[in-house]
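Here the structure is laid out as structure tokens; the discussion comes afterwards.
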Number of protein chains: 2
Amino acid sequence: MAENEKIYTSISVQTLKRLPIYLNYLKSLDREKTKIISSPVIAKALALNEVQVRKDLAAIKSGGRPRTGYLLEKLIADLDTYLGYGNVNEAVIAGIGHLGRALLSYKGFDAYGLNIIVGFDTDETVVGTEVSGKKVLPLDKMVSLCKRMHINIGIITVPCEQAQQVCNLMIESGILAIWNFAPVNLNVPEHILVHNEDMASSLAILSKHLKKKISREN
Amino acid sequence: MAENEKIYTSISVQTLKRLPIYLNYLKSLDREKTKIISSPVIAKALALNEVQVRKDLAAIKSGGRPRTGYLLEKLIADLDTYLGYGNVNEAVIAGIGHLGRALLSYKGFDAYGLNIIVGFDTDETVVGTEVSGKKVLPLDKMVSLCKRMHINIGIITVPCEQAQQVCNLMIESGILAIWNFAPVNLNVPEHILVHNEDMASSLAILSKHLKKKISREN
DNA sequence: TAGATTGTTAATCGATTAACAATC
DNA sequence: TAGATTGTTAATCGATTAACAATC
């Protein structure tokens, strides 16, 4: 019961973003050597504030161990459970260019419950091939396949000009959430969830910080 | 003078992230048909708050036109200037897999002043080839080339296990900012700027939101 | 016990949104 | 002028950090 409540407790978006980062770091440690880890250590390794680490971890797990720290094994298990639990989501991806292939081949997603089961494209030289063992089908098969298999997530890696059109098809397919890599703002009905992955935004930050830094140094 | 001051005025990170989104949207409009655009219209199209749009735009440009709105052409020019001005940054990329290729081929970066001039890899079947007209060189040439050309930005798209090692080479090369796509936390000296592009974080958000939505509907 | 660490309450900081005067 | 829109000041909201009691 208490366990279940935790799941529905709303966790802040910022915390949620950091959880995979903790998990990834903890998994990189040698579990033979390190049995226990403390928030100051985690904070230092990831360049975060130690209170923030404790607060984040407190949001997903019950009971810490004052004086000693956290049991590494247990902490990993808790994060794994939280991030993976109930998230067995099947996804499809439209647009099998370089980026589409990179995502289809990426191994890390299933750790978070995402399983990209098939790709779609319009290019006849690509359709019928396989990428990392996953079939590439013609785009006009998408609606029927997604409906039949009750797919919830669609990933868009097509060029800008085709993104809205593909998005419409996905909505017609009954898809509920869209992970959009095309740099366009998609028009969707209110009940559809869109997450834009915006490279230009990231670059703008990096580039301005760098510029400020260089100008400071002169 | 006033223009120059604007550039050094610190803009919030959140605003900075949205600027490329505005620019992209505005550029997608037909400049023949639309001469003037207002903040409520922009806000609606991008699902943002109209006050936020005004505040963001006020941060980079001087003078708006009450009653009418913004001159589209002028607004685009201002955003272009702000985001591109003084940002002629040359970058190199290490790791020419699918993701590396996607980035090397991406046309949108030069609009923001980023120019990826060359790629590096250790795979002999890749070294010596070209991707979108850009040469792929052996990784052990990186340090000397970057030093010689005073490259400021390095992009890491190698597998996790090699990321830290490549990162060290980049630091040795005199690179100041690193755009890291490998899901590891890089250890860098304080003066090096790292921007992590974390797919798992994005996915965690999407996936939790979706789960909440589905559970609400039941 | 003394000391290190957790977890939480309170204070601070930053970003968003509301309210409104200024403007054309 | 009346009305729509800008730009800014003030209020709100949310996230980070500091302070500290509880704990082993």
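Each chain gets a letter, A, B and so on, in the order the sequences are listed, and its residues count up from 1.
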Open item on the list: Would you say NZ of A/K35 has more than 12 non-hydrogen atoms from neighbouring residues, nucleotides or ligands within 6.0 angstrom?
Closed with: yes
- [ ] Ignoring backbone atoms, test whether A/Y70 places a side-chain nitrogen or oxygen under 4.0 Å from the OP1 or OP2 oxygen of C/dG7.
- [x] yes
Open item on the list: Taking the side chain as everything from C-beta on, heavy atoms only, tell me whether B/W179 gets closer than 4.5 Å to A/L203.
Closed with: yes
Open item on the list: Using a strict threshold of under 4.0 Å (side-chain N to carboxylate O), is an ion pair present between B/R31 and B/E73?
Closed with: yes
- [ ] State the dot-bracket string of DNA chain D. Criteria: Watson-Crick or G-U wobble, both atom distances under 3.5 angstrom; notation: ( ) intrastrand, [ ] crossing earlier pairs, | interstrand, . unpaired.
- [x] ..||||||||||||||||||||||
Open item on the list: Is the terminal nitrogen or CZ of A/K208 (NZ for Lys, CZ for Arg) located under 6.0 angstrom from the six-membered ring centre of B/Y82 and within 45° of that ring's axis?
Closed with: yes
Open item on the list: Rounded to whole Å, how long is the line connecting atom CD of B/E50 with atom C1' of C/dA19?
Closed with: 12 Å
TODO: Report yes if some heavy atom in the side chain of B/Q164 is under 4.5 Å from a heavy atom in the side chain of B/N187; otherwise report no.
DONE: yes
Open item on the list: Between C1' on C/dT5 and CG on A/L57, what's the gap in Å once rounded to a whole number?
Closed with: 13 Å
Task: Short side-chain N/O contact from B/S39 to OP1 or OP2 of D/dT6, under 4.0 Å - done: yes
Open item on the list: Check this for me, if you would: do B/K17 and A/D198 make a salt bridge, where the nitrogen-to-carboxylate-oxygen distance has to be below 4.0 angstrom?
Closed with: no
Task: For atom CD1 of A/I36 and atom C1' of C/dT6, their distance in whole Å - done: 13 Å
TODO: Could you walk me through whether B/Y106 and B/F109 pass the ring-ring contact (aromatic ring centres under 6.0 Å, His included) test, one step at a time?
DONE: CA-CA 7 Å; B/Y106 187 65; B/F109 290 144; 4.6 Å; yes
- [ ] Report yes if some heavy atom in the side chain of B/V53 is under 4.5 Å from a heavy atom in the side chain of B/Y70; otherwise report no.
- [x] no
Open item on the list: Under a 3.5 Å distance rule, please check whether B/T15 uses its side chain to pair with a backbone N or O of B/I11 as donor and acceptor.
Closed with: no
Task: Short side-chain donor-acceptor distance under 3.5 Å, B/N115 and B/D110 - done: no
- [ ] State, yes or no, whether a side-chain contact exists between B/D80 and B/K27 at a heavy-atom distance under 4.5 Å.
- [x] yes
Shorter than 3.5 Å, N or O on both sides, protein versus nucleotides 13-18 of chain C: list them out with atom names.
from: C/dT16; atom 1: OP1; to: B/R18; atom 2: NH1; distance (Å): 3.0
from: C/dT16; atom 1: OP2; to: B/R18; atom 2: NH2; distance (Å): 3.1
from: C/dT16; atom 1: O5'; to: B/Q52; atom 2: NE2; distance (Å): 3.1
from: C/dT17; atom 1: O4; to: B/K55; atom 2: NZ; distance (Å): 3.4

Open item on the list: Tell me the interatomic distance from A/L75, atom CG, to C/dG7, atom P, rounded to whole angstroms.
Closed with: 10 Å
Report each atom pair, protein N/O against N/O of nucleotides 22-24 of chain D, whose distance is under 3.5 angstrom.
none

- [ ] Compare side-chain N and O positions of B/R54 against OP1 and OP2 of D/dT6 and report whether any pair is under 4.0 Å apart.
- [x] yes
